[in-house]
Amino acid sequence: MAGASLLIAGCAATRSEGMASGTDAEAEVTPGEDLMQEHGVLERLLLVYEEAARRLEGGEPLDPVVVTEAAGIVRRFVEDYHERLEEQFVFPRLVAAGREAGLVDVLRRQHERGRQLTETIRAGAPDGRALAPRLREFSRMYRPHAAREDTVLFPAFRGVVGRVEYRELGEAFEDHEHELLGPHGFERTVAEVAALEAALGLEDLARFTP
């Protein structure tokens, strides 16, 4: 976790503030970009889940704290923050505009099922092998879930929101992040996930190159 602390300290600006370049500031992160960056955190958590499941299935050593902490981040960051943004700001606007209503229904049901799985994962299991299928189920659902949101839902959302409202929503998202996660909540969460990756030996991106 010491590395996580250094990573947090190195983040001098929040996502919306950007970095200064001369007299011009970097463009603000839009709501769609914001949500997609958060999907990146989810993808890294799914990698942790999948590695944990592999070890449980193979009878390899696994510190159960890694799974518990990963599930805690899923609950705090993905479900209580990211998904609530979608449910409060994105889904209603699409439904009101008559866009992607069927997709929204499926995504809502998957949010609910994901929360049920998270409760099971956080509770653990006497036999670790019984926990592995729940980790696999969560990952199997959320990979296509996030991909469909990135490629269908968020572009449709951008299409039904005017430029001024879109900018205002970006500010609302930032305020919501600070309220629920505190200052630099995104950066701190990324650092926590990175620490879990390191605990499982997943921190070296090059190892995934075929």
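Reckoned from all heavy atoms, side chains included, excluding hydrogens, waters and symmetry mates.
- Side-chain atoms of Arg113 and Gln110 include no donor-acceptor pair closer than 3.5 Å.
- Criterion: ILVMFWY side-chain heavy atoms under 4.5 Å apart, direct or through other members. Under it, Val65 and Val48 are not part of a common hydrophobic cluster.
- Shortest non-hydrogen contact noted between Thr118 and Ala71 is CG2-O, 3.8 Å.
- No donor-acceptor distance shorter than 3.5 angstrom exists from the side chain of Arg122 to the backbone of Arg75, with no hydrogens or angles considered.
- Tyr49 approaches Ala70 most closely through the heavy-atom pair CE1-CB, 3.8 Å.
- Considering only heavy atoms from C-beta on, Tyr142 stays 4.5 Å or farther from Leu45 through its side chain.
- Minimum heavy-atom separation, Pro183 to His178: CA-CD2, 4.5 Å.
- Within the model, atoms OG1 of Thr68 and CD1 of Ile73 stand 11.5 Å from one another, a figure rounded to the nearest 0.5 Å.
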Using side chain to side chain contact (heavy atoms under 4.5 Å, CB included), reason through Leu153 and Leu94 one step at a time and then give a plain yes or no.
CA-CA 9 Å; Leu153 190 83; Leu94 285 169; 3.3 Å; yes
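- Of the inter-residue distances, the one linking Phe91 atom CZ with Leu103 atom CG reads 7.5 Å to the nearest 0.5 angstrom.
- Using a cut-off of 4.0 Å between Lys/Arg side-chain N and Asp/Glu carboxylate O, Arg115 and Glu112 are scored as salt-bridged.
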Stepwise side chain to side chain contact (heavy atoms under 4.5 Å, CB included) test for Leu62 and Leu200:
CA-CA 8 Å; Leu62 174 69; Leu200 294 175; 3.7 Å; yes
Apply the test side chain to side chain contact (heavy atoms under 4.5 Å, CB included) to residues Leu35 and Val90: give CA-CA distance (whole Å), side-chain angles for both, the deciding distance (0.1 Å), then the verdict.
CA-CA 10 Å; Leu35 293 167; Val90 180; 4.0 Å; yes
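- For the 3.5 Å distance criterion, the side chains of His39 and Glu43 fail to qualify, holding no donor opposite an acceptor.
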Test Leu135 against Glu50 for side chain to side chain contact (heavy atoms under 4.5 Å, CB included), laying out the working first.
CA-CA 7 Å; Leu135 296 170; Glu50 290 163 3; over 6 Å; no
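- Salt bridge Glu57/Arg54: absent, no basic N to carboxylate O contact under 4.0 Å.
- Nearest heavy atoms, Val161 versus Arg93: CG2-CD, 4.0 Å.
- Inter-residue side-chain proximity for Phe157 and Leu169 is flagged as met; some heavy-atom pair is nearer than 4.5 Å.
- Tyr81 contributes atom OH, which lies 4.0 Å from atom CD of Glu177 (distance to the nearest 0.5 angstrom).
- For the side chain to side chain donor-acceptor pair (under 3.5 Å) criterion with His111, the lone passing option out of Glu86, Glu79, Arg84 is Glu86.
- Taking the side chain as every heavy atom from C-beta outward, Gln88 and Pro92 never approach each other to under 4.5 Å.
- Between atom CD of residue Glu149 and atom CG of residue Leu107 there is a gap of 5.0 Å, rounded to the nearest 0.5 Å.
- In this structure, Leu47 and Glu51 have side chains that are not in contact, with every pair of non-hydrogen atoms separated by 4.5 Å or more.
- To the nearest 0.5 Å, atom CG of residue Asp105 and atom CZ of residue Arg109 are 6.0 Å apart.
- Using a 4.5 Å heavy-atom threshold, the side chains of Met141 and Glu137 count as separate.
- Side-chain contact check for Val41 versus Val190: some heavy-atom pair is nearer than 4.5 Å.
- In terms of modelled atom types and a separation under 3.5 Å, the side chain of Arg99 and the main chain of Gly159 share no donor-acceptor contact.
- Ring geometry for Phe186 versus Phe77: interplanar angle of 30 to 60°, hence tilted.
- Taking every heavy atom of both residues into account, Pro31 and Phe173 meet most closely at CB-CE2, 3.6 Å.
- Within 6.0 Å of CZ in Arg108 there are more than 12 heavy atoms belonging to other residues, nucleotides or ligands.
- Taken together through direct or relayed side-chain contacts under 4.5 Å among Ile, Leu, Val, Met, Phe, Trp and Tyr, Val106 and Leu85 form parts of separate hydrophobic clusters.
- Looking at every heavy atom in both residues, Arg44 comes nearest to Ala194 through NH2-CB, 3.8 Å.
- A cation-pi geometry, defined here as NZ or CZ lying under 6.0 Å from the six-membered ring centre and within 45° of its normal, holds between Arg158 and Tyr166.
- To the nearest 0.5 Å, atom CD of residue Glu100 and atom CZ of residue Arg148 are 9.5 Å apart.
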